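Fair warning: this is a prediction, and the values are worked out from it, not measured in the lab.
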Amino acid sequence: MDDIWFIHSPRFDEIAYPDECPFRTERAGACLATVRRLGLIDESRALVEPAPASREELRRLHEEGYLQTLERSESGQVDERSLWAGLGTPETPIFPGMVEYASLASGATLLAARAVADGRVRSAFNPSGGFHHAHAGRAAGFCYMNDVALACDELARRGKRVLFLDLDVHHCDGVQEFFYRRRDVMTLSLHQSGRTLFPFTGFEDDIGEGDGEGYSVNVPLPPGTDDVAYLRAFEAVAWPLIGVFDPDVLIVEWGMDTLAQDPLAQLQLTNQTLATIARRLMTLSKPTVHTGGGGYHVENTSRGWALLWAEWTGADTGEDLVAGLGGVLLGTGDWLGGLRDPPTIIEPSVRAAVDAEVDAVIAHVKRRVFPRHGLNPS
Ligand code: ZN
């Protein structure tokens with residue numbers, strides 16, 4: 001069995017959202033170029049090209065009328081159904097190739113899910129995935145088709161217990177909605193609080209309903225949350241729940257919009273924290289699908305994903321992978337320290353306020369969710 005696949009199509013490089021839209025499809029290709037330059041990929045084995053998801057696959061979660069509206073809108077027939085479907089806004093613009101791009105992104109994450117479930121590969125990375133805001137009949141937040149929910153559903157249909165861990169800075173409202181009343185798919189999201197950020201959902205008390213009560217878990221974090229506070233929340237809430245849920249398969253969304261310089265959000269992470277979490281998750285030895293997600297500082301995002309790739313392939317030793325060479329190798333002048341971000345400096349007064357709020361959120365979520373899984377909340 002191969003260890004890991006990098007799933008990518010040249011079409012992901014060729015289709016672009018409009019220039020004025022902050023979502024840049026080129027991030028995936030830029031990440032691949034970085035891992036190539038660093039010699040971290042054996043392309044004959046690890047680089048795998050996806051096919052678009054079929055209509056039948058998309059209809060498992062998306063409404064047929066919505067899929068038709070997407071196609072009609074792209075071909076220029078924009079009407080009130082386009083507006084109901086959320087199309088034609090700055091965050092979900094109508095652009096040439098949007099249906100192909102979204103179908104291909106969904107096909108790529110479905111391919112990853114099937115490959116890890118079948119034991120063809122241990123884990124698979126689709127950096128052009130993670131469209132967690134797409135709803136059954138509505139586009140939102142740069143997302144048209146919910147590839148990660150489709151992959152969770154595909155695995156659940158095979159009888160797998162699925163953990164969807166969302167580390168994007170935004171709450172996974174679309175994915176949570178699909179599985180809110182189910183316990184075969186646990187959604188676990190750490191994100192900047194909906195009090196201050198789109199999609200304004202994902203609060204401590206949103207824990208699932210009916211059969212799914214306790215299986216939707218949200219850890220909303222205040223602006224300014226840094227590496228230390230974020231890791232504390234991960235260790236206190238996510239790690240014990242992952243252990244007790246004991247999933248058959250993990251799907252992890254690695255949005256890089258948590259990073260300190262992201263222009264759309266206000267968390268203050270470095271990619272070193274994400275690398276630490278990547279190593280932690282690898283100790284579980286579970287089949288894992290990795291996807292991209294947000295990330296609106298293009299270079300930091302592709303570099304962050306390249307660092308994760310170095311973790312997954314065992315190339316990163318915990319020290320700077322290419323200290324001093326990074327700027328040259330990556331073709332960027334803004335950070336010369338290799339793949340790892342420089343530390344962020346947090347003012348003590350900001351840190352104290354953030355720590356108090358994060359600790360309160362941790363305590364609240366543990367109280368609401370842990371007893372449902374036989375875990376001690378104190
Ligand atoms: Zn995001």
Side-chain angles (χ1 to χ4, degrees), residues 1-14 25-53 57 101 103-130 147-148 150-151 154-155 158 160 162 165 247-254 256 271 274-275 277-293 301-319 321-322 325-326 329-331 338-339:
M1 182 172 27
D2 286 339
D3 272 342
I4 185 161
W5 286 355
F6 192 117
I7 301 181
H8 189 66
S9 161
R11 293 298 291 152
F12 287 135
D13 301 320
E14 292 158 6
T25 58
E26 73 229 40
R27 300 167 307 153
C31 172
L32 179 58
T34 300
V35 302
R36 269 184 182 139
R37 269 184 301 228
L38 295 174
L40 300 181
I41 186 165
D42 173 357
E43 292 181 38
S44 64
R45 296 178 67 93
L47 188 60
V48 177
E49 197 169 327
E57 288 168 336
Y101 184 86
S103 309
L104 194 56
S106 294
T109 307
L110 281 169
L111 169 65
R114 291 186 180 124
V116 302
D118 291 345
R120 275 180 282 161
V121 66
R122 248 176 262 282
S123 61
F125 177 39
N126 171 24
S128 302
D147 63 302
V148 274
L150 287 163
E154 165 72 19
L155 293 166
R158 293 170 174 231
K160 306 287 188 192
V162 185
L165 174 64
D248 300 312
V249 186
L250 281 86
I251 300 184
V252 189
E253 171 152 350
W254 300 92
M256 287 286 157
N271 61 21
L274 300 170
I277 292 174
R279 281 197 300 277
R280 198 88 163 105
L281 294 172
M282 286 170 75
T283 65
L284 298 169
S285 300
K286 303 272 189 186
T288 305
V289 173
H290 301 289
T291 73
T301 299
S302 56
R303 187 158 48 85
W305 288 338
L307 176 64
L308 294 179
W309 180 263
E311 298 298 338
W312 300 325
T313 55
D316 185 34
T317 58
E319 301 299 319
L321 191 62
V322 281
L325 295 175
L329 285 164
L330 304 175
L339 294 177

Determine whether a donor-acceptor pair (N or O, by modelled atom type, separation under 3.5 Å) exists between the side chain of [X] and the backbone of [Y].
X      : Y      : result
Arg27  : Gly293 : yes
Arg303 : Leu339 : yes
Trp309 : Leu40  : yes
Trp305 : Trp254 : yes

Taking all heavy atoms of [X] and all of [Y], pick out the closest pair and write down the distance.
X      : Y      : answer
Pro287 : Asp248 : CD-O, 3.3 Å
Pro50  : Gly107 : CB-C, 4.4 Å
Ser9   : Leu104 : OG-CD2, 3.6 Å

Contacts of type side-chain contact (heavy atoms from CB on, under 4.5 Å), residue Ala275, not counting sequence neighbours: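 With sequence neighbours excluded, Ala275 shows a side-chain contact (heavy atoms from CB on, under 4.5 Å) to Arg279, Leu307, Glu311, given in chain and number order.
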
Which residues satisfy the side-chain contact (heavy atoms from CB on, under 4.5 Å) test with Ser128, sequence neighbours excluded?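 Here the qualifying residues are His8, Phe12, Ala28, Tyr101, Asn126.
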
Given Val249, which partner from the list Glu154, Lys160, Arg158 fulfils the side-chain contact (heavy atoms from CB on, under 4.5 Å) test?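 Of the listed options, the one satisfying the test is Lys160.
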
Does any non-hydrogen side-chain atom of [Y] lie less than 4.5 Å from one of [X]?
X      : Y      : result
Trp312 : Thr288 : no
Leu32  : Leu47  : yes
Val289 : Val252 : no

To the nearest 0.5 angstrom, please state how far the [atom1] atom of [X] sits from the [atom2] atom of [Y].
X      : Y      : atom1 : atom2 : value
Ile251 : Leu165 : CD1   : CG    : 11.0 Å
Leu308 : Leu281 : CG    : CG    : 10.0 Å
Ile7   : Leu111 : CD1   : CG    : 4.0 Å
Leu155 : Leu150 : CG    : CG    : 11.0 Å

With sequence neighbours left out, write down each residue that passes salt bridge (Lys or Arg N to Asp or Glu O under 4.0 Å) with Glu57, or none if nothing qualifies.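 Arg114.
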
